[in-house]
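Below is one structure, written out as structure tokens; the observations come after it.
Keep in mind that the numbers below use all heavy atoms, side chains included, and drop hydrogens, waters and symmetry copies. These numbers come from a predicted model, not from an experiment.
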2 protein chains.
Amino acid sequence: MARPRKPLLSRDRIVGAAGALVDSEGLEAVSTRRLAAELGVSGPSLYNHFRTKDEILEAVADAVSAKVDLSMFEEGDPRDWREALHDWALSYRAALTAHPHIVPVLARGPGRRPAGLKVADAVFGAMTRAGWPPAQATHIGALMRYFITGSALGSFARGFVDDRTAYDPADYPHLQQAHLLADHQEKVDEGAFGTGLRALLDGLGCQYEAGGYRKA
Amino acid sequence: MARPRKPLLSRDRIVGAAGALVDSEGLEAVSTRRLAAELGVSGPSLYNHFRTKDEILEAVADAVSAKVDLSMFEEGDPRDWREALHDWALSYRAALTAHPHIVPVLARGPGRRPAGLKVADAVFGAMTRAGWPPAQATHIGALMRYFITGSALGSFARGFVDDRTAYDPADYPHLQQAHLLADHQEKVDEGAFGTGLRALLDGLGCQYEAGGYRKA
DNA sequence: ACCTGAACACCGTTCAAGT
DNA sequence: ACCTGAACACCGTTCAAGT
């Protein structure tokens, strides 16, 4: 075939196919050969559009970050910082749980991914505008990311095996219901996320008032 | 060589070498061939002691979990649940940051790893004894894990590239100091962890009191 | 510029063969 | 029981060759 008159591939087509493959079969299913086959092309062709396989996965991750709602952090938005953080966290978590297999890539940090940086920028900007000192605003961006990516990465409930015999009462006296966790996984993880988010925001509220911070 | 009179390998030796390799060169450096070479043995030999490479990594992860201090959750310990949770979180985080490369494996959940299950058991037992209803105790175990593994996995500061030109002021007006984050990485991550942990515990304290819970 | 097949240096795992 | 080498079916990436 050699070079076609119209390019067979584009960065967007590659990212789209890679994302679909990640979603349907997981990160380990993505090999350059497999992905190329999915696109009707031979393996090395991908290297005309991306320098490495990792760059492709970074682009898939960034596409997920781009879906996070940031409107609550805009200058004119009426929500106060607590409410904005709350709504953003829900949107962020929803984006991640819709594409759980790419979360390990996202959890590495924003790196050079534009949408990842946009998120960090929006949070930091909104927190400083709300009166938080820069160091505290940085901490808030970090700790919210810890909590959100941590919750999306290690679904707590899915982390327990669905097998009664794994939990010997002599060894784990308090885990005798653990094998049931996998069943109502979603409810447990959502409940824990909600409880944690509320605690986090309540606690930050205390620190905000104790510090005497207020809107500039 | 064939079968030696004294076994060349043992599960412990394999786990030790794998852990050392993970710590020094990262997860991707661990291949069965490379690990076997490190042990002076041929690749397939490992399969006499572990069923898969993943089982070896699970064992490495469990060795790290085993280092987490759980004494604060023992029945006789004088610490109240808030203080116990606090001290445990610090010990957990210290164990993870000492072996950052294995965290992605740990973050998948306890699975069948004995030390991982011991941790979950201890937290759940202590929270129910403190008066939390079972569902809430489960949530607390989950959300603490989200926060702790999230913080160890995606070092926030290391997540930003150390390159001024990556942060165009037009795109990211609030990230003009971001390239400095990598420098005082440890301080930022520790600060954010401390801020988040305090907020989490303060917030949980509010919920505890609002719920009217108390020690059985 | 953009695709191809061949090639390089790897993988995890299985298995028959050795003692 | 516990090690070996050979083999299978894969990897990511490079590169010369084609148009």
Side-chain angles (χ1 to χ4, degrees), chain A residues 1-62 101-102 104-105 108 111-113, chain B residues 1-62 101-102 104-105 108 111-113:
Chain A
M1 178 181 301
R3 182 184 176 223
R5 21 198 7 266
K6 258 223 154 189
L8 296 174
L9 293 176
S10 67
R11 289 177 65 98
D12 279 353
R13 267 200 77 214
I14 294 170
V15 173
L21 194 51
V22 168
D23 283 347
S24 61
E25 304 191 33
L27 258 189
E28 340 72 56
V30 182
S31 75
T32 55
R33 285 163 157 93
R34 170 77 193 279
L35 176 56
E38 217 84 35
L39 287 158
V41 110
S42 89
S45 304
L46 301 171
Y47 290 84
N48 286 298
H49 303 269
F50 287 93
R51 274 206 306 271
T52 61
K53 173 187 163 182
D54 200 61
E55 259 188 20
I56 299 176
L57 292 176
E58 289 278 316
V60 172
D62 210 41
H101 293 129
I102 198 66
V105 177
R108 297 196 297 230
R112 307 186 111 85
R113 292 185 280 100
Chain B
M1 177 181 301
R3 184 184 175 225
R5 28 206 349 272
K6 259 223 152 187
L8 295 174
L9 293 177
S10 68
R11 288 176 66 96
D12 279 353
R13 269 200 76 213
I14 294 170
V15 173
L21 195 51
V22 168
D23 284 347
S24 62
E25 305 192 31
L27 259 189
E28 340 72 54
V30 183
S31 75
T32 55
R33 286 164 157 95
R34 169 77 192 278
L35 177 56
E38 217 87 34
L39 288 158
V41 109
S42 88
S45 304
L46 301 170
Y47 290 85
N48 286 298
H49 303 269
F50 288 93
R51 275 205 306 271
T52 60
K53 173 187 162 181
D54 200 60
E55 259 189 20
I56 301 176
L57 292 176
E58 289 278 315
V60 172
D62 210 42
H101 293 129
I102 198 67
V105 177
R108 295 195 296 228
R112 305 187 113 86
R113 293 185 280 101

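Residues in residues 42-52 of chain B take part in these salt bridge (charged side-chain N to carboxylate O under 4.0 Å, His left out) pairs, two or more places apart or across chains: B/R51-B/E55. The side chain to side chain donor-acceptor pair (under 3.5 Å) pairs that include a residue from residues 6-17 of chain B number zero, where partners must be two or more places apart or lie in different chains.
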I'd like a list of close polar pairs between nucleotides 5-9 of chain D and the protein, N/O only, cut-off under 3.5 Å.
residue: D/dA7; atom: N6; partner: B/R33; partner atom: NH2; Å: 3.4

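Salt bridge A/R112/A/E58: absent, no basic N to carboxylate O contact under 4.0 Å.
Atom CG in B/L35 sits about 16 Å away from atom C1' in C/dC10, given to the nearest Å. The separation between B/L27 atom CG and C/dG12 atom C1' is 16 Å, rounded to whole Å. As a whole-Å value, the separation of B/L8 CG from D/dA1 P is 17 Å. One interatomic measurement links the two molecules: OH of B/Y47 to P of D/dT4, which rounds to 14 Å at whole-angstrom precision. Here the P atom of nucleotide D/dG12 and the CZ atom of A/R34 are 12 Å apart, to the nearest Å. Between A/N48 atom CG and D/dC15 atom P the separation is 14 Å, expressed in whole Å. Separating the CG atom of A/L46 from the P atom of C/dC3 is a distance of 9 Å, rounded to the nearest angstrom. For the pair B/E28 CD and C/dC11 P, the computed distance is 12 Å after rounding to whole Å.
B/A29 pairs by the side-chain contact (heavy atoms from CB on, under 4.5 Å) definition with B/E25, B/R34, not counting sequence neighbours. Listed by chain and number, the residues in a side-chain contact (heavy atoms from CB on, under 4.5 Å) with A/V22 are A/L27, A/V30, A/L57, A/H101, A/I102 (sequence neighbours excluded). Remark: A/A20 engages no residue in a side-chain contact (heavy atoms from CB on, under 4.5 Å) (not counting sequence neighbours). Scored by the side-chain hydrogen bond (donor to acceptor under 3.5 Å, both in side chains) test, A/D23 finds A/H99 as partners (sequence neighbours excluded). Listed by chain and residue number, B/F50, B/A59, B/V60 satisfy the side-chain contact (heavy atoms from CB on, under 4.5 Å) test with B/V15 (two or more places apart in sequence, or in another chain).
Nearer to the 5' terminus of DNA chain D, by closest-nucleotide assignment, is the contact made by B/K6 (compared with the other of B/K6 and A/A29).
Contact annotation: A/S45 does not reach the phosphate of C/dC2 (side-chain N/O to OP1 or OP2, under 4.0 Å). For A/S31 and D/dC11, the shortest distance from a side-chain N or O to OP1 or OP2 is below 4.0 Å.
Residues B/A17 and B/L39 share a closest heavy-atom pair of CB-CD2, 3.7 Å. The shortest heavy-atom contact between A/V105 and A/R113 is O-NH2, 4.2 Å. Here the closest heavy-atom approach between residue B/A18 and residue B/L35 is recorded as N-CD1, 3.6 Å.
Nearest nucleotide to the B/V41 side chain, out of D/dC3, D/dC11, C/dT13: D/dC3. Of the candidates D/dT14, D/dC3, C/dC2, C/dC2 carries the atom nearest the A/P4 side chain, counting heavy atoms from C-beta on.
Atom CG of A/N48 and atom CG of A/L9 lie 8.0 Å apart (nearest 0.5 Å).
Taken residue by residue, residues 49-57 of chain B places heavy atoms nearer than 4.0 Å to DNA chain C at B/T52, B/K53.
Where pairing requires Watson-Crick or G-U contacts shorter than 3.5 Å, the helical stems of DNA chain C with at least three consecutive pairs are C:4-8 with D:12-16, C:12-16 with D:4-8.
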